[in-house]
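To keep things clear, I will list the structure first and then write my remarks on it.
Throughout, a chain's letter reflects where its sequence line sits, starting with A, and its residues are numbered from 1. Worth knowing before you read on, the calculation uses all heavy atoms, side chains too, and leaves out hydrogens, waters and symmetry mates.
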Protein chains: 2
Amino acid sequence: MFDDANSNAVRVDFIENTGFVTQSEGLPRIAGRIFGMLIFDGDVVSFGDLATKLLVSRASISTSIRILEERGLVKRVTKHGERQDFFQLAPNPYATMLEGIQKRNRSIQTDIAGTIKNLPADAEAVGRLTAHANFYASRNAAIAVALSELDTSQNKLAGQQPNAPKDHLDAK
Amino acid sequence: MFDDANSNAVRVDFIENTGFVTQSEGLPRIAGRIFGMLIFDGDVVSFGDLATKLLVSRASISTSIRILEERGLVKRVTKHGERQDFFQLAPNPYATMLEGIQKRNRSIQTDIAGTIKNLPADAEAVGRLTAHANFYASRNAAIAVALSELDTSQNKLAGQQPNAPKDHLDAK
DNA sequence: CGTTTTGTTTAGTCATAACTGAACAAACTT
DNA sequence: AAGTTTGTTCAGTTATGACTAAACAAAACG
């Protein structure tokens with residue numbers, strides 16, 4: 001146990017698992033695998049290596065990386081003297097994720113508010129619709145709490161976060 | 001404005017919208033439409049009416065209702081002297097929803113903990129994996145906050161929640 | 001009893017989106 | 001310049017799952 005072969009099996013399992021998790025959240029599975037690989041390896045990985053190590057086409061890497069970049073979870077960097085693009089985890093991907101959920105919840109809340117506004121004030125449904133909107137409001141309030149907690153724990157782990165993102169990395 | 005035709009258009013929009021929301025959360029759109037209809041109408045609706053009013057097959061109602069029942073969001077009731085099944089919102093669907101998310105997060109957390117346990121304690125990845133698990137932990141802590149908030153606002157709205165669920169409803 | 005109503009299950013269709021290979025453009029190498 | 005590397009885009013394939021129609025079982029009705 002705890003030999004290299006074992007560790008690699010654990011690594012692959014984690015990466016695959018992360019793929020399933022993000023898939024169930026509506027993202028391509030490959031995007032999750034990339035994310036999982038960046039978490040596990042904690043390193044800067046080249047475009048080509050992503051395709052090679054994950055055994056998928058470069059086209060898939062391209063689209064999944066675009067999604068991860070759009071969501072602010074992954075950052076593209078260059079290496080001095082290297083032609084390939086390299087990728088690493090964005091500075092605080094978890095906070096960014098939570099902020100994305102908040103944004104979505106706000107949009108749903110706005111929609112429900114619009115529904116209420118377009119009804120007569122004494123409509124029988126207004127109470128239930130208000131409770132419905134309230135649900136998303138509490139979720140967002142709760143996420144705000146999680147965001148502040150994340151700050152705390154991030155500080156605790158600061159020493160263990162290798163490879164603080166830089167805009168430009170020199171060759172090793 | 002605010003005439004019956006308008007209100008009905010608003011109603012249909014809300015129902016369709018709720019369908020989209022739940023679809024993006026991995027549930028069939030029809031399940032969301034049922035849920036939205038129950039929220040808007042706040043009434044007890046028969047199996048047949050669901051199919052008729054939503055213009056979908058009875059088979060779809062059957063599967064979507066099963067999903068909603070499994071998740072504890074909708075309750076099946078009988079009406080004295082009626083052969084059809086009837087459905088209404090479960091007592092506190094929002095709390096149930098949040099608890100479902102908590103359960104899922106816990107399961108992901110457990111998986112990550114398993115990953116960490118199967119690695120040498122000094123593995124370089126442990127710090128990042130811990131932060132990853134921590135993310136799901138804070139989310140769950142936050143949901144706990146939302147759950148207590150929900151209690152509060154539910155009390156505020158108690159007077160506006162019609163049709164408190166009963167196990168058995170007499171005919172009107 | 002046969003017929004009707006009702007909900008579930010199953011087989012099949014259809015829509016969607018992930019993924020790939022190939023074509024492509026841009027930048028670099030020689 | 002010709003050829004190579006690199007990332008994106010596009011067309012096509014494939015896998016998944018929502019949805020339906022039809023078959024079905026159970027219960028109520030006549």
Under 4.0 Å between a side-chain nitrogen and a carboxylate oxygen: does that hold for A:R76 and A:E69?
yes
Any salt bridge linking B:R33 with B:E16? Criterion: basic side-chain nitrogen under 4.0 Å from a carboxylate oxygen.
yes
May I have the distance from [X] (atom [atom1]) to [N] (atom [atom2]), rounded to whole angstrom?
{"X": "B:Q23", "N": "C:dA15", "atom1": "CD", "atom2": "P", "value": "14 Å"}
{"X": "A:F87", "N": "D:dT8", "atom1": "CZ", "atom2": "C1'", "value": "12 Å"}
{"X": "B:L54", "N": "D:dC19", "atom1": "CG", "atom2": "P", "value": "11 Å"}
{"X": "A:E25", "N": "C:dA18", "atom1": "CD", "atom2": "C1'", "value": "17 Å"}
{"X": "B:D85", "N": "C:dT5", "atom1": "CG", "atom2": "C1'", "value": "12 Å"}
{"X": "B:L27", "N": "D:dT16", "atom1": "CG", "atom2": "C1'", "value": "16 Å"}
{"X": "A:I61", "N": "D:dT8", "atom1": "CD1", "atom2": "P", "value": "11 Å"}
{"X": "B:Q84", "N": "C:dT6", "atom1": "CD", "atom2": "C1'", "value": "7 Å"}

When you measure from the side-chain N and O atoms of [X] to the phosphate of [N], is any distance below 4.0 Å, counting only OP1 and OP2?
{"X": "A:S57", "N": "C:dT20", "answer": "yes"}
{"X": "A:S62", "N": "D:dG7", "answer": "no"}
{"X": "A:R76", "N": "D:dT8", "answer": "yes"}
{"X": "A:R66", "N": "D:dT9", "answer": "yes"}

On DNA chain C, more 5' by nearest nucleotide between A:A59 and A:G26 is A:G26
Earlier contact from the 5' end, DNA chain D, for A:R29 and A:T63
A:T63
Given that B:R58 and B:R33 both sit by DNA chain D, which one's nearest nucleotide is further toward the 5' end?
B:R33
Taking the six-membered ring for Trp, is the centroid-to-centroid distance between A:F14 and B:H132 below 6.0 Å?
yes
Is B:R83 side chain donor-acceptor paired with the C:dT6 base, going by distance under 3.5 Å alone?
no
Does the side chain of A:L119 reach to within under 4.5 Å of the side chain of B:R11, using non-hydrogen atoms?
no
Classify A:I65 by what it touches in the nucleic acid, base, sugar-phosphate, or nothing, heavy-atom distance under 4.0 Å.
nothing
Among the nucleotides C:dG7, D:dT20, C:dC19, whichever has the atom closest to the side chain of B:V56 is D:dT20
Please step through side chain to side chain contact (heavy atoms under 4.5 Å, CB included) for the pair B:Y136 and B:R106, ending with a clear verdict.
CA-CA 7 Å; B:Y136 289 98; B:R106 269 194 296 273; over 6 Å; no
